[in-house]
Amino acid sequence: MAAEPEVAPGKETSNGGTALPPVHEAWLPREHSLYRPRHGKQMLALVCAAVFFGFPLLSTMLGVRPPELENRPLADLPAVSEGWGLLTGLQQWASDNLPYRDQAIAAEDGLSRGLFGEAPSLGGRGGTVGVGPDSGPAPPPAAGRASARTTARRTATRG
């Protein structure tokens with residue numbers, strides 16, 4: 001079976017159809033038969049993404065600098081020479097260097113105290129004893145001693 005020769009966009013092919021244009025449907029003129037407009041959710045997502053990335057960038061370009069809020073200096077931008085360490089260090093850098101971070105923390109504190117009557121959990125350690133990353137796994141039973149469950153199982157099968 002021979003390959004079909006390339007056809008210019010909008011021209012008829014040998015099987016009676018038309019060739020697809022080399023652009024996405026949303027970029028076609030409205031009068032085109034294959035035009036499909038972007039849906040409202042897509043436009044909302046694009047606007048939110050533009051605001052999310054554009055506002056901090058614009059603020060930084062206008063000279064807004066984040067203050068040191070914690071008892072440590074702000075994280076430096078990781079170097080590309082760090083390899084995959086670039087990706088792991090990028091989160092801390094972006095969090096530290098976000099403009100208006102101090103106002104966001106104050107707003108979260110006010111909102112949490114106003115609605116719930118308690119201070120927000122800002123990623124600090126605390127909470128229930130034995131729960132969390134520092135609690136670690138349970139220690140194994142002592143060598144030579146059976147656990148209470150194993151002992152109960154043995155006595156049940158003997159009797």
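Fair warning: this is a prediction, and the values are worked out from it, not measured in the lab.
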Novice: If you group Ile, Leu, Val, Met, Phe, Trp and Tyr whenever their side-chain heavy atoms sit less than 4.5 Å apart, what else falls in with Leu86?
Specialist: none
Novice: What residues form a salt bridge (charged side-chain N to carboxylate O under 4.0 Å, His left out) with Asp109, not counting sequence neighbours?
Specialist: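 Asp109 satisfies salt bridge (charged side-chain N to carboxylate O under 4.0 Å, His left out) with Arg113 only.
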Novice: For a quick test of your reading: what N or O donor-acceptor pairs under 3.5 Å do the side chains of residues 50-64 make, sequence neighbours left out?
Specialist:
residue	atom	partner	partner atom	Å
Ser59	OG	Phe55	O	2.9
Thr60	OG1	Pro56	O	2.8

Novice: Apply side-chain contact (heavy atoms from CB on, under 4.5 Å) to Pro73 and list each qualifying residue two or more places apart in sequence or on a separate chain.
Specialist: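 side-chain contact (heavy atoms from CB on, under 4.5 Å) list for Pro73, sorted by chain: Glu68.
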Novice: Side chains of residues 87-94: which donor-acceptor pairs under 3.5 Å do they make with residues two or more places apart or in other chains?
Specialist:
residue	atom	partner	partner atom	Å
Thr88	OG1	Gly85	O	3.0
Gln92	NE2	Asp96	OD1	3.0
Gln92	NE2	Asp96	OD2	3.4

Novice: What residues form a salt bridge (charged side-chain N to carboxylate O under 4.0 Å, His left out) with Glu118, not counting sequence neighbours?
Specialist: none
Novice: Does a side-chain N-to-carboxylate-O contact under 4.0 Å join Arg101 and Glu108?
Specialist: no
Novice: Indicate yes or no: at least one non-hydrogen side-chain atom of Leu74 is less than 4.5 angstrom from one of Pro66.
Specialist: yes
